[in-house]
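What follows is one structure encoded as structure tokens, with my remarks underneath.
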Amino acid sequence: MKPAPFTYCRPDNVEQVLDLLRQHGGDSRILAGGQTLMAMLNMRLVEPKILVDISMMEALRFIRVADNYLEIGAAVIQADLLAWTDLEQYAPLMAKALPWVGHAQTRNKGTVCGSIAHSDPSSEMPLCLALLGGEIVLRSKTNRRMVKAADFQIGTLTTARQEDELIEAIRIPVPADVSKFAFQEVAIRHGDFALVAVAASHSPDGIRLGVGGVADRPEVRHWEHLPEDEIDTALNDLAHELGGYDDIHASAGYRRELVRTIGKRVILEVMA
Amino acid sequence: MIEYGAADRVKVTLTVNNESLTGYASSRMLLSDFIRHELGLTGTHVGCEHGVCGACTIQIDGRPVRSCLMLAVQAEGREIQTVEGLSDKGTLNRLQQAFRSHHALQCGFCTSGILMSMTNLLNENPTPTDDEITDILSGHLCRCTGYVGIVKAVQSLVLENIARENGENA
Amino acid sequence: MKKIADKVYVSQALERVEDSALLAGAGVFADDIAVGARTGHAAFLRSPHAHADINSIDIKTAEALDGVHAIVVGEDLRAWSRPFIVGVKQPMEHWCLAQDRVRYIGEPVAIVVAEDRYIAEDALALIEVDYTPLKAVVDPEIAILKDAPVLHEAVGSNLISERNFSYGDPEKAFRDADRIVSMKVRYPRNACTPIECFVVNADYDAAEDNYDVLANFQGPFSLLPVMALALNIPVNKLRLRTPPDSGGSFGVKQAIFPYIVALCLASRKAGRPVKWVEDRLEHLMAATSATNRVTEIEGAVTKDGELIGLCYRQLEDCGGYLRAPEPATLYRMHGNMTGAYKVQNLAIENRVVLTNKTPTGLNRGFGGPQVYFALERLMHKIAVELKLDPLEVIKRNLVEAKDMPYRTPSGALYDSGDYRKAVLEACKKGNLEALKKRRDQVRGAGGLYGIGYTAIVEPSISNMGYISTALTALEREKAGPKDGGAAMATVSVDALGSVSVTMDSTPQGQGHRTVAAQVVADVLGLKPADIRVDVTMDTAKDNWSISAGNYSSRFAGSVAGSVHLAAIEIRDKLKRMAQTSLNIAADKVSFSDGKFSDADNPDNAIQFRRLAGQAHWSPGLLPEGDVPGLRAASSWTMPELEAPDPEDRVNSSGAHGFVFDYCGVEIDRDTGRVRLDKYVTMHDAGRLLNPALVDGQVYGGFTQALGAALFEELSYTADGTFQAGSMAEYLIPTVAETPAPVILHMSSPSPFTPLGAKGVGEGNSMSTPVCLANAVADALGRDDIELPLKQSKVRDWIGIRETPPTSGGAVATPVADKDAITGRGELTIRLPVERVWDLLLDPENLEKAIPGCRELIVEGDHSYRADVSVAVGPVRGDIVALVKLSDLDPSKFLRLGGSADGPLGSSTGSGTILLTATGANGDATILHYDYSVSLSGKIAAVGGRLLGGAMKVLIKRFFERFIRIAAPETAPAGFPLFGWLENLLRAIGIKR
Ligand code: FES
Ligand code: FES
């Protein structure tokens with residue numbers, strides 16, 4: 001269980017990263033925290049020719065608040081974001097969800113943007129970003145563009161990122177003061193991938209519910225108005241729409257059932 | 001920009017347990033392999049090589065991380081702490097002694113990694129709650145002990161630390 | 001004569017001597033031992049198929065890779081080795097590398113020896129094996145059907161052993177019974193997965209034709225002759241050494257032995273020492289497993305719950321090969337099949353079947369989890385059917401203290417115990433009443449709460465002859481009787497009086513060094529710290545016999561006993577010397593504080609170390625008949641371990657402990673999660689040599705059993721694909737899932753073991769899974785409880801009632817074949833059906849539509865071969881796909897079928913396409929599709945969670961392209977999700 005050979009590059013600045021991506025495209029992989037990528041390399045599920053290490057790039061290690069969004073750079077480690085004193089204020093949902101990401105030991109190395117890039121259907125960070133209506137800042141040698149979280153993750157492990165693009169940062173809208181958030185997930189063991197993860201928000205423009213682990217990407221629904229006696233129907237419809245899937249850990253029916261039950265729990269929590 | 005080709009033999013110098021050490025690695029060599037087979041520090045163990053078991057946990061720049069999920073070449077210039085750095089000239093430190101007193105290990109294969117996580121936990125917070133201990137310890141798999149002794153060992157230090165703090169405050 | 005030394009250390013919870021090194025990272029595990037510069041590093045090429053014929057293996061490219069020293073394939077073995085001997089009389093061949101057929105996923109096919117492991121793995125990808133996949137069979141009940149695919153054609157059937165046993169008069173008991181309670185249970189596949197995997201260093205010495213091996217093997221050493229026979233050498237040409245430390249085993253490291261043989265041969269071919277470190281993927285996929293078993297069990301009971309007859313029909317699944325010592329899992333419990341109960345009428349039908357799964361072997365509890373799962377579920381059901389308290393049913397049937405030693409109908413001799421007292425004490429000390437109250441409370445509040453009980457007998461110290469019960473009395477007579485179970489130890493005292501101990505156990509974390517030092521210290525009046533115990537084994541030098549090793553919980557009862565006997569021999573010799581030296585009568589020699597003295601005149605004394613020196617320096621002073629030096633080698637076996645008798649009765653184990661457990665579980669109605677609220681476990685393991693280590697064994701065994709009960713399963717699909725290939729798929733408990741049990745002890749010393757001790761490490765493996773199952777059965781009021789108790793399954797048992805959606809949205813339908821990835825969908829294409837049909841059948845168009853298709857070759861009528869580079873996210877792979885279209889109904893319907901292969905695995909699939917004309921003038925087409933794909937190999941083992949999604953991605957891409965090519969003007973920008981034709985790419989079978 002050892003990685004296949006590759007050339008290791010550690011660029012000094014973002015420009016060099018972009019050069020490498022333009023030059024090598026799909027033959028290259030960005031190594032940020034590596035908490036998923038390294039495991040895949042070890043298993044030889046992934047065999048890039050070039051590994052571009054940005055984990056130590058200070059220029060990408062920023063957490064900043066601008067206008068009305070919070071921006072988190074590509075090299076920001078999950079544990080650092082969790083430890084950031086203003087997190088509760090600017091991204092209360094992330095504060096709730098981050099402790100569910102892997103274990104402390106992997107959060108010490110794994111990056112927030114790395115989770116977004118990997119786009120596992122049951123992972124917590126993409127779910128939060130989607131619920132919050134965040135954006136991904138993609139940069140290539142010639143272009144810089146924002147992609148809405150909803151348009152970014154296309155399916156399992158598949159995103160709208162072009163092969164020459166770097167996820168430079170993610171942006172999360174700073175919530176209105178009155179907004180409320182809730183997050184819950186059901187996994188088999190502490191720290192496991194979620195069987196189902198749900199996040200909800202309640203803000204002046206209504207209720208949102210995000211569901212991870214059921215469809216092949218996090219799915220978010222918005223209700224301007226959701227009377228309490230309509231929650232069950234709404235969630236049942238959503239559960240059917242997302243479908244779910246069977247694997248050795250849980251059945252599709254179970255996943256749908258959790259959409260109904262824990263989905264309701266978080267909605268009631270934010271409505272309270 | 002640093003660039004190491006697949007066939008390059010890379011010189012890696014780093015600080016391990018406060019000592020500067022140098023070894024050679026290929027670009028793809030895992031840090032766990034480098035520590036064990038290149039530096040000869042075999043106290044760090046490998047149980048899964050995919051980041052789940054925690055046996056390979058070391059501290060890098062003061063944080064416990066999985067050494068199987070890092071490359072040796074990424075450790076250049078970093079500060080690393082391994083289990084070998086815990087005892088002082090052959091004398092077990094408090095944590096190690098507590099593990100011994102509470103029968104917190106059987107085969108000892110998972111132990112080095114657990115010690116590194118628990119050392120960090122107690123450094124950052126000398127009096128963690130039971131939930132905090134569980135949370136950090138859950139990043140490790142032990143197949144022998146059922147964890148009871150490990151938890152007791154850490155709790156015993158927490159109690160000592162609380163007593164100490166109270167003593168200081170008194 | 002006064003008592004020579006009071007036992008002072010044994011039975012104390014001393015700290016372990018092992019720990020100082022282990023805690024400092026200074027332990028010496030197999031992979032820590034430095035190897036020489038010439039040593040090559042090995043990696044195994046493994047079968048991606050559950051069942052396939054090997055047509056050819058091409059190693060040329062791999063051999064040419066820089067840094068590769070040698071490649072070994074099945075063919076190479078024939079010159080230097082033979083198949084392993086098999087435990088039943090059947091024409092089956094099992095070699096350490098597959099010959100011309102593979103029979104389970106992960107079966108070793110070739111070995112690469114290279115400069116380092118990284119290069120060795122590079123070369124694996126360059127070996128080309130041409131397989132013809134065969135139908136696989138995974139379910140033991142299907143494997144015995146007439147038309148099932150047969151694994152070993154020479155045998156002619158997958159049923160390789162069948163024996164029937166009858167003890168007492170079971171027919172009469174079942175005739176006389178007030179009621180017959182029966183059930184069918186399935187025990188799943190799981191394994192104890194130590195955190196350290198297998199390690200083998202092998203070195204062939206051509207000059208002496210000798211193999212020198214270092215491996216973290218755990219025994220039994222009866223496998224040494226098995227290896228030597230396979231290597232075609234006398235046993236003394238296979239020197240096996242074990243390292244000072246081993247990272248857990250729990251039986252599992254028994255299964256290293258085929259690898260030892262493989263690495264010996266690899267070293268021979270490579271002409272250099274070879275080292276192999278098994279990785280976790282290899283371990284989970286192909287190391288070993290406990291047997292899965294289907295048991296039909298019947299109890300004949302009186303109306304007040306007395307069990308008067310018991311009948312088992314056991315179907316044991318040993319995987320692809322019957323690997324030594326199997327079918328031992330089935331026979332290890334043979335003597336104690338009646339468990340803790342006094343029923344004397346017993347019938348057993350034992351059948352052993354082979355299926356396309358990893359071969360089985362030792363795992364903690366060995367046979368116990370399977371047997372007691374059936375027996376104790378039955379006891380619970382008897383209570384339910386008779387409307388009795390399950391605890392009362394247990395108590396009514398317990399073997400009674402006055403009957404000890406007690407002979408079971410199938411031949412076991414239970415040595416000691418007061419089961420009833422243990423049960424009563426456990427209920428009192430563990431506060432069963434409070435637990436019952438809690439159950440009532442939770443139930444009163446609408447919750448789901450259940451209590452489960454289990455009473456079991458825990459056998460230890462195996463009779464080396466029990467496995468021969470698998471043979472008929474006649475066959476046994478021909479082979480000669482097999483019995484006993486020797487335990488060997490040596491105690492040596494050097495010229496300065498320091499003491500060294502060796503013994504024939506190979507501990508893997510149990511602290512045997514500590515306990516042996518305690519035992520010897522007591523006998524010789526020393527401190528444990530004065531005694532040095534070495535537990536490495538070197539078969540070229542140490543005392544060992546076939547029963548050596550670390551298994552069947554033999555240490556406390558037999559090995560520690562043997563150590564004790566050797567120490568006594570030393571002490572007795574010293575006493576004789578003291579008698580001469582002090583010139584006193586034998587009965588006047590007193591021994592205390594490291595001194596021998598005259599009981600009547602304490603000043604007339606001589607130090608232990610002086611006497612020891614004399615034995616070495618002054619043999620002339622030795623009493624007559626005593627030999628120079630001071631070393632005792634003991635070898636002990638228990639006379640009660642007799643060979644099976646002609647009526648098939650066998651005392652399968654030397655000691656029998658007792659375990660009584662109960663627990664309370666609460667089940668979350670929403671999530672189905674089973675939360676263990678309280679667990680009480682009472683053990684009577686005779687005399688406890690070190691209570692701390694005993695509790696450590698109980699905690700550890702309990703936790704493994706909890707994993708087996710709740711999460712762990714080495715799961716396979718019906719077609720033999722292995723699905724639990726990583727530690728994110730095979731789930732073992734973390735601290736967060738592991739409540740500490742309440743441990744209670746009673747002590748009824750065994751009259752048969754030298755120290756009165758019995759084994760204790762396996763009891764919970766046997767009792768805990770079924771105890772939890774009984775509790776869940778109680779909580780849910782149902783019978784059909786199967787392990788593991790995963791929350792999704794439990795939630796299903798509670799019952800999910802789905803209502804259809806309101807808004808006319810798609811109703812999610814349950815998928816019929818859960819093992820395959822299936823999907824369906826439809827899309828509208830703005831082209832007439834005839835045009836779409838043509839495009840579908842046009843190879844050129846397909847070549848363009850298939851993403852990553854480098855070449856599509858028409859191989860025959862509607863059959864294609866495509867070279868495709870598939871990518872999903874970061875995962876990429878080159879596959880070769882073979883596709884055939886059939887049942888063509890022009891412009892309407894076609895069926896696809898095919899297969900794909902790549903180094904990450906292989907796949908097969910099928911699908912249909914149905915075209916319907918639509919639109920005002922029929923100028924558009926609705927294309928319905930459905931597909932079903934099965935994957936095997938690495939990708940399926942580690943990536944199961946993501947495969948369905950990955951398939952969707954691929955299919956979506958295909959349709960995007962198809963439509964873009966077919967009707968460019970109509971292709972929508974962001975195409976919704978689709979699926980189908982992936983038979984072409986049925987992808988994911990991928991690679992690079
Ligand atoms: S070896 Fe690194 S986590 Fe298991
Ligand atoms: S002590 Fe053996 S794995 Fe933890």
Side-chain angles (χ1 to χ4, degrees), chain B residues 7 26 28-30 33 36-37 40-55 82-87 90 92-93 95-97 99-112 115 133-135 137-152, chain C residues 13 15-16 18-29 31-34 66 116-118 192-197 245-250 277 279-281 507-511 692-693 695-704 706 726-728 732-738 740-741 942:
Chain B
S26 65
R28 59 170 158 164
M29 187 183 230
L30 301 182
D33 282 342
R36 290 178 47 74
H37 299 302
L41 294 169
T42 52
T44 300
H45 298 147
V46 168
C48 72
E49 290 180 310
H50 53 277
V52 183
C53 76
T82 67
V83 65
E84 285 92 345
L86 293 180
S87 345
L92 300 184
N93 72 16
L95 181 64
Q96 290 167 307
Q97 185 50 51
F99 266 56
R100 187 175 174 164
S101 316
H102 291 88
H103 191 28
L105 64 154
Q106 289 183 26
C107 75
F109 199 75
C110 68
T111 312
S112 330
L115 286 170
I133 298 170
T134 298
D135 185 49
L137 184 54
S138 73
H140 293 270
L141 298 176
C142 172
R143 206 50 162 157
C144 297
T145 63
Y147 307 104
V148 177
I150 303 172
V151 172
K152 280 193 191 151
Chain C
E15 288 185 0
R16 304 197 318 166
E18 288 87 348
D19 291 355
S20 317
L22 292 172
L23 284 161
V28 180
F29 295 87
D31 184 36
D32 300 347
I33 294 169
D66 229 21
D116 63 38
R117 175 65 176 250
Y118 293 75
C192 295
T193 54
I195 305 297
E196 180 197 40
C197 294
D245 294 298
S246 179
S249 177
F250 325 109
V277 180
D279 70 36
R280 183 58 62 186
L281 301 191
Q508 324 251 341
Q510 294 93 336
L693 303 198
D695 283 354
Q697 286 302 307
V698 174
Y699 284 128
F702 165 78
T703 304
Q704 288 187 349
L706 187 72
S726 81
M727 278 189 147
I732 73 178
T734 78
V735 64
E737 290 76 42
T738 311
V942 302

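- Only the side chain of B/His37 comes within contact range of chain C, judged by heavy atoms closer than 4.5 Å.
- Interface remark: C/Ser20 contributes backbone and side-chain atoms alike to the contact with chain B (heavy atom separation under 4.5 Å).
- At a threshold of 4.0 Å, the pair C/Asp31-B/Arg36 counts as salt-bridged, since one of the basic side-chain nitrogens sits closer than that to a carboxylate oxygen.
- Interface remark: B/Val151 contributes side-chain atoms only to the contact with chain C (heavy atom separation under 4.5 Å).
- Contact count versus chain B (heavy atoms, under 4.5 Å) is highest, among C/Val698, C/Leu281, C/Asp695, C/Thr193, for C/Thr193.
- Residue contact with chain C, scored on non-hydrogen atoms closer than 4.5 Å, involves the side chain of B/Val52 exclusively.
- Contacts of B/Leu30 with chain C are made by both backbone and side-chain atoms, with heavy-atom separations under 4.5 Å.
- Shown here are the salt bridge (charged side-chain N to carboxylate O under 4.0 Å, His left out) partners of B/Arg100, two or more places apart in sequence or in another chain: C/Glu15.
- One finds the CD atom of C/Gln508 at 9.5 Å from the SG atom of B/Cys144 (value rounded to the nearest 0.5 Å).
- Looking only at atom types and distance, the side chain of B/Gln106 has a donor-acceptor partner in the side chain of C/Gln697 under 3.5 Å away.
- Summarising the geometry, atom CG belonging to C/Leu23 is positioned 5.0 Å from atom CG belonging to B/Leu105; distances are rounded to the nearest 0.5 Å.
- Contacts of C/Ala740 with chain B are made by both backbone and side-chain atoms, with heavy-atom separations under 4.5 Å.
- Listed here is the closest heavy atom pair of B/Glu84 and C/Gly25: OE2-O, 3.9 Å.
- For a residue to count as touching a neighbouring chain, one of its non-hydrogen atoms must lie under 4.5 Å from one of that chain's; by this rule B/Ser138 touches chain C with backbone and side chain alike.
- Looking at B/Thr145, only its backbone comes within 4.5 Å of chain C, counting heavy atoms on both sides.
- Taking all atoms of both residues into account, the shortest heavy-atom contact from B/Arg143 to C/Pro733 is NH1-CD, 3.9 Å.
- Among all heavy-atom pairs drawn from C/Met727 and B/Cys53, the shortest one is SD-CB, 4.1 Å.
- With a 4.5 Å cut-off on non-hydrogen atoms, B/Leu92 touches chain C through its side chain but not through its backbone.
- Distance check, rounded to the nearest 0.5 Å: OG1 of C/Thr734 to CG of B/Asp135 gives 9.5 Å.
- For the pair C/Ile732 and B/Leu141, the minimum side-chain heavy-atom distance is below 4.5 Å.
- With respect to chain C, the highest number of heavy-atom pairs below 4.5 Å among B/Ser112, B/Gly47, B/Gly40 belongs to B/Gly47.
- Contact check for C/Glu196 versus B/Cys107: no side-chain heavy atoms found under the 4.5 Å cut-off.
- Rounded to the nearest 0.5 angstrom, C/Asp279 CG and B/His50 NE2 are separated by 9.5 Å.
- Each of B/Gly85, B/Cys110, B/Gly54, B/Ser101 has some count of heavy-atom pairs under 4.5 Å with chain C, and the biggest count is that of B/Ser101.
- When every heavy atom of C/Tyr699 is checked against every heavy atom of B/Lys152, the shortest pair comes out as OH-NZ, 4.0 Å.
- Side-chain contact check for C/Val735 versus B/Ile150: every heavy-atom pair is 4.5 Å or farther apart.
- When the ring-ring contact (aromatic ring centres under 6.0 Å, His included) test is applied to C/Phe29, the partners found at least two apart in sequence or on another chain are B/His45, B/Phe109.
- Between B/His103 and C/Arg16 the shortest side-chain heavy-atom distance falls below 4.5 Å.
- Atom CG in C/Leu22 sits 11.0 Å away from atom CD in B/Gln96 (nearest 0.5 Å).
- When each of C/Asp66, C/Thr703, C/Asp32, C/Asp245 is scored by its heavy-atom pairs under 4.5 Å with chain B, the top score falls to C/Asp32.
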